[in-house]
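As structure tokens, the structure follows; a few thoughts come after it.
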Amino acid sequence: MSHDHHDDHHPEPPSDIEARALALESLLREKGLISAEEIDRVVETYERDIGPMIGARVVARAWLDPEYRQRLLTDAAAAVAELGIGAPPVGDLVVIENGPGVHNMVVCTLCSCYPWAVLGLPPSWYKSPAYRSRAVREPREVLREFGLELPERVRVNVWDSSSDLRYMVLPERPAGTEGWSEEELAALVSRDCMIGVARPQAPAATGAAG
Amino acid sequence: MGGMHGFGRVPIEPDEPLFHAPWEGRVLAIQGRTRRAGLFHLDEFRHAIERMPPARYLEASYYERWLTAVETLLLEKGVISREELAGGRAITPAPKPPAAPDDRPPLRPLFRVGEAVTTRNTHPPGHTRLPRYARGRRGLVRSAHGPFLLPDTNAHLAGRDWEPVYAVEFSAAELWGDAAPAGDAVCIDLWESYLRRADA
């Protein structure tokens, strides 16, 4: 008797999940635990105000101001708050610095911990079993899939963020960007650079720097 | 799932939207609101996700896991009932959540930066944040943070045990064997009770 026409679909079609989400929302609204406006506001905040542009500003400032860079490496949450950008409190944030001999990348093998306050919501690949399982065991192969080939002399440090500390990578400033403004520099810093699966490239320097 | 095999290439989606369907954003907001209202905390939430049957866990999308965990916790705590969830209508008012005490002590780390430590080889049935691939391994303390509540007890509401958390560096060879590139390393945040002073 369970064979009605719904069983022709996959066991968990997206519409079922959507129905569950809507049922939970309407129930919690009736109980006065949440309002539709509050939910809209959270969604809008992540769509508009919180994203990698915050981290990119922080990185650009650190490239331009050595004292700010030092403060960022010592107390990242305070240094980010200094710039007056971003909505929520930053929380326990650690910024780790790339150098000529070391490349850092961030993963959460146990769930999907990610520095939301400075990078926004994580991309799907960051939450995927493939990235979570492989980033610690074969980081160089994973980086190659992102188009980043690291020479042997560069050590790879993977940060498995298993506690409530959040990690963000401070990439190296590309050559050929002398005299650039903070805004121009920030435009070079992608989300992936701050997770540590890419490196910022100066467009003009790609040919000349060799 | 650190170190597991068989998941293939990293699925990179160019120009990925923030949400793949509007319900995902609703679930994100519901989790944040109910958690900040004190109805559950993050360790309980993570453990509720881990309690999904393994095959379901792997099949489910990120936000489906979130939805499942929020439903599970709110049902277990009597905030909502199965009957209410099925009907979509409230029958009883939600109970008031208990306030979390402000009992965080100052940081008093037992281990020094640069000190060699060994992780315990332990396989608890419940929640822990000591990754399986790093049990019984030797590493070096890079920095001390916190204190943070020990998730192993906090997730089960079995105690509020504040402990220092250390970023501990393990050589890739220590974790994965001699074939791993020399110089490469993995740093893991580990609670003090996961660690022992290493023999010299």
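Quick note on labels: first sequence line is chain A, next is B, and so on, each numbered from 1.
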Open item on the list: Does either side chain, that of B:Arg132 or that of A:Thr109, offer a donor lying less than 3.5 Å from an acceptor on the other one?
Closed with: no
Open item on the list: If we count only N and O atoms by modelled type, under 3.5 Å, do the side chains of B:His5 and A:Arg137 hold a donor and an acceptor together?
Closed with: yes
Check whether [X] gets within reach of chain A through its side chain, its backbone, both or neither, counting any heavy atom under 4.5 Å.
X: B:Tyr57; result: side chain
X: B:Ile80; result: both
X: B:Ala185; result: both
X: B:Ile49; result: neither
X: B:Pro181; result: side chain
X: B:Ala94; result: both
X: B:Glu84; result: both
X: B:Arg36; result: neither
X: B:Thr68; result: both

Open item on the list: Please check: side-chain N/O of A:Lys31 versus main-chain N/O of B:Val79, any donor-acceptor pairing under 3.5 Å?
Closed with: yes
Spacing of [X] atom [atom1] and [Y] atom [atom2] [to the nearest 0.5 Å]:
X: B:Leu67; Y: A:Arg20; atom1: CG; atom2: CZ; answer: 4.5 Å
X: A:Tyr46; Y: B:Phe19; atom1: OH; atom2: CZ; answer: 8.5 Å
X: B:Glu169; Y: A:Trp159; atom1: CD; atom2: CH2; answer: 7.0 Å
X: A:Lys127; Y: B:Tyr63; atom1: NZ; atom2: OH; answer: 4.5 Å
X: A:Ser163; Y: B:Tyr166; atom1: OG; atom2: OH; answer: 13.0 Å
X: A:Leu27; Y: B:Leu74; atom1: CG; atom2: CG; answer: 9.0 Å

Quick check on [X]: does its [atom1] atom have over 12 non-hydrogen neighbours (other residues, nucleotides or ligands) under 6.0 Å away?
X: B:Arg112; atom1: CZ; answer: no
X: B:Arg9; atom1: CZ; answer: no
X: B:Arg104; atom1: CZ; answer: yes
X: B:Arg51; atom1: CZ; answer: yes
X: B:Asn121; atom1: CG; answer: yes

Task: Charged N-O contact under 4.0 Å between B:Arg26 and A:Asp40 - done: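 Yes, charged N to carboxylate O under 4.0 Å.
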Heavy-atom closest contact ([X] atom, [Y] atom, distance):
X: B:Gly8; Y: A:Ala130; answer: O-CB, 3.5 Å
X: A:Ser133; Y: B:Phe7; answer: OG-CD1, 3.5 Å
X: B:Val10; Y: A:Glu145; answer: N-OE1, 2.9 Å
X: A:Ala21; Y: B:Ile30; answer: O-CD1, 4.3 Å
X: A:Val136; Y: B:Gly2; answer: CG2-CA, 3.8 Å
X: A:Glu30; Y: B:Ala90; answer: OE1-N, 3.1 Å

Task: Heavy-atom pairs under 4.5 Å with chain A, option from B:Glu13, B:Arg46, B:Glu59 with the top count - done: B:Arg46
Open item on the list: Shorter than 4.5 Å, heavy atoms on both sides: which option in B:Val27, B:Val165, B:Leu149, B:Thr92 has the most such pairs with chain A?
Closed with: B:Thr92
Considering only heavy atoms from C-beta outward, does the side chain of [X] approach that of [Y] to under 4.5 Å?
X: B:Arg33; Y: A:Val42; answer: no
X: A:Arg140; Y: B:Asp184; answer: yes
X: B:Trp23; Y: A:Leu22; answer: no
X: B:Glu16; Y: A:Ser124; answer: yes
X: A:Asp16; Y: B:Glu64; answer: no
X: A:Val158; Y: B:Cys187; answer: no

TODO: Give the C-alpha distance, both sets of side-chain angles, the deciding distance and a yes or no for salt bridge (Lys or Arg N to Asp or Glu O under 4.0 Å) between B:Arg129 and A:Asp164.
DONE: CA-CA 10 Å; B:Arg129 299 293 283 180; A:Asp164 286 331; over 6 Å; no
Segment of [X] engaging chain B (4.5 angstrom heavy-atom cut-off):
X: A:Val94; result: side chain
X: A:Asp92; result: side chain
X: A:Arg41; result: neither
X: A:Tyr167; result: side chain
X: A:Leu24; result: both
X: A:Val142; result: side chain

Selection from [options] maximising heavy-atom pairs under 4.5 Å formed with chain B:
options: A:Tyr126, A:Phe146, A:Tyr131; answer: A:Phe146
options: A:Val43, A:Leu165, A:Leu33; answer: A:Leu165
options: A:Ile34, A:Val107, A:Val154; answer: A:Ile34

